[in-house]
2 protein chains.
Amino acid sequence: MNLKQLSELLGLSQTTVSRALNGYPEVNEATRERVLQAVKETGYRPNKAAQRLATGKAGSIGLVMPTAPGHYSDVHFGEFLTGLGEEAVRHDFHFVIMPADPDDEIGALRRLAISGNVDALFVAYMRGHDPRLPLLQSLSMPYLVHGRSYGSEPDYPYLDIDNEGAFYDASKLLLQLGHTRFALMNGPEHLDFAIRRKRGVVAALAERGLDLPDTCVSHSSMTDEQGQFAMEHFLQQPEPPTAILCSSTVLALGAIRAVNQAGLKLGEDISLIAHDDVLPHLKPENFSVPLTTTRSSLRAAGVRIAQRLIGTVKQDGAYPEQELWKTELIVRASTGAAPRLDQNFGGV
Amino acid sequence: MNLKQLSELLGLSQTTVSRALNGYPEVNEATRERVLQAVKETGYRPNKAAQRLATGKAGSIGLVMPTAPGHYSDVHFGEFLTGLGEEAVRHDFHFVIMPADPDDEIGALRRLAISGNVDALFVAYMRGHDPRLPLLQSLSMPYLVHGRSYGSEPDYPYLDIDNEGAFYDASKLLLQLGHTRFALMNGPEHLDFAIRRKRGVVAALAERGLDLPDTCVSHSSMTDEQGQFAMEHFLQQPEPPTAILCSSTVLALGAIRAVNQAGLKLGEDISLIAHDDVLPHLKPENFSVPLTTTRSSLRAAGVRIAQRLIGTVKQDGAYPEQELWKTELIVRASTGAAPRLDQNFGGV
DNA sequence: GTGAGTTGTCAAAGCGCTTTGGAATTTGCA
DNA sequence: TGCAAATTCCAAAGCGCTTTGACAACTCAC
């Protein structure tokens, strides 16, 4: 069933039917009713490709998903996408996901942009001086960045959380509890959020004249395995840290295993604060020692990003170009007063 | 830059340029070279919507993603999608993801199918007597089902793992170890895999004249929280089970927490086997007591599904209609001989 | 040097939709 | 009743691409 057939069925012109469907004013209400009724009965749906070709609008948001054999998928991806979708479904928007070799993200982004398949682009996992930014800016297509790119002029539309502030505040809390030996379990070194989180910790420590030795910083992907590995490494040091900042609850999972295996008590011998993206399958409050966290819902960010992007495409909203969300610091049992310094609590 | 402009630039007709680009034989090699060169220089890319309109092919696979406020995202989704993408990127295919209200998955699927935006459909999270099956069969579009639909005639193309066999084998192992009191932590009750896994356990127990009481079966979404909750529930029973079958490593995470908090030892007081979808962020071998698992890579399934679907669209492959993958049973430390029955190991 | 067979190219017809410009019909008011 | 304005509808022109059917131009015998 296409427009032509439908209009013949109704004894109307294609124009009239099209207008009736798209809410143009110059069509009789009774006629419109008849058309709508026929649509219901026949199950007619306009061909999107044709609509796209004629209007230049596709009703879709494009994003690039890096993938390759051996390339780790990201636990957070599904949750974020669910948030995007939650909003998109209200506007009958969909997503076009272009898988891409991690080495060719730029190329994939460009191809996606000029394919004519999408109205807007979304990018995430920003890096310092991210090369995708100039590309996006040169394209004449709406886009929105999740996160920021450290070192680039912040004149692009983004939504980010205050990573630096979050980790600054978390560090402050631990300092107040008397901790002096800190460690940071961070995400991949080149990623923007990792850079900023580290800055937050360093800034807080600096205020007390403390520093964060390189041996007390780990960078890795967000898996429980890496968390365990990093924590074991920290604990093997001659003077192990007592305060741990952790970029993800998934990392924390492994870290806590290492703490337990070393015979240490979380919240007593070791304090830990993790960043919580509010993943539904891993709640920090349910950890055997409930986790103190800096919290910001990834899903909520997804909703908001879809909102802004769709709004821009539909031209119906003046959204702020830049948004920086504060995180919440939720204190639970994994943080406690620093153990007395002279106390020996033997590593591994 | 479009075809017309490009052909004018080259002093050729659109036909010739189009043919040169699409590898038709009736074009001079030198001309083809010239065209390819021009494409490189101008960065010309064909408009996908126009291509789609003209050919009826979109180079994309469609899938519906249920989402709503409060609707849990699935940890496994990202990993699976990564697998799909891994194959898709090799064929320059992309995905169209249509978010849908969980109550309107059928409607969304239909709209996606007739939108003209996709060449093939993929569905997952199959339920018993799944109503999407008749819809798919009535559509004239290639599709592939991940999983099966219990109770429906298995005459549709699917890829599934042998859930029943996996849980049968796992139960057998536990029986051999002397266990007699079993419990099953399963996924949502209406899902096909949950139905089959339960059948596997029940069948194995039946051979020994044992049964699986309703009080020893839990159905829930795959979160650590639900896992902990279910296990606590099991342990409160007068004669708690000593052998646990678990549908996901994520559930196992919570379950193990409950075991520890009850002061029990995994692999001694309680044996546990979980199904492992091979999630990169949660490895069963790294659990403090490494987990015995039934293993089947979700990602590999994604790769294979994309392969079959793309093959069907390109009409270049005769793939088997139905595939049933065996799982591996990997024995680690979370399973051990049943504790002596007279031994008291006090609940909670 | 003519006819058949190849090769390389082109003009034009769609694909299904939106939108423009104008025509036909109805309405309002003098 | 007459005429302008408002309403309702239509034919046709794209949107950018693929593909069909034809046509030159060129080869190669005979």
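Both backbone and side-chain heavy atoms feed into the values below; hydrogens, waters and symmetry mates do not. First the proteins, then the strands, lettered A, B, ... as listed; each starts at 1.
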Just grab all the ring pair (Phe, Tyr, Trp, His ring centres under 6.0 Å) pairs involving residues 79-114 of chain B, residues at least two apart or on different chains.
B:Phe80-B:Phe122, B:Phe80-B:His146
What stems involve DNA chain D, if each pair must be Watson-Crick or G-U and both of its distances must be under 3.5 Å, with 3 or more such pairs in a row?
C:1-30 with D:1-30
What residues form a salt bridge (Lys or Arg N to Asp or Glu O under 4.0 Å) with B:Arg299, not counting sequence neighbours?
B:Glu79, B:Glu86
Tell me if a side-chain donor or acceptor on A:Arg52 pairs with a main-chain N or O of A:Asn47 at a distance below 3.5 Å.
no
Of B:Thr15 and B:Ala54, whose nearest nucleotide on DNA chain C comes first from the 5' end?
B:Thr15
Verify the distance criterion only: is there a donor paired with an acceptor across the side chains of A:Gln37 and A:Glu33 at less than 3.5 Å?
no
Compare all side-chain heavy atoms of B:Val123 with those of B:Leu109 and state whether any distance is below 4.5 angstrom.
yes
Please identify each residue that fulfils salt bridge (Lys or Arg N to Asp or Glu O under 4.0 Å) with B:Arg148, with sequence neighbours left out.
B:Asp160
Under 4.0 Å from a heavy atom of chain A: give me the 5'-most and 3'-most nucleotides of DNA chain D that qualify.
D:dT8 to D:dG16
Looking at B:Tyr24, is its backbone amide N or carbonyl O close enough to the side chain of B:Asn22 to form a donor-acceptor pair, meaning the two atoms are under 3.5 Å apart?
no
Please determine, by modelled atom types, if A:Arg304 and A:Gln307 share a side-chain donor-acceptor pair under 3.5 angstrom.
yes
Sub-4.0 Å heavy-atom contacts from residues 18-30 of chain B onto DNA chain C, ordered by number:
B:Arg19, B:Glu26, B:Val27, B:Asn28
Check the distance between C:dA12's P and B:Leu3's CG and give it to me in whole angstrom.
17 Å
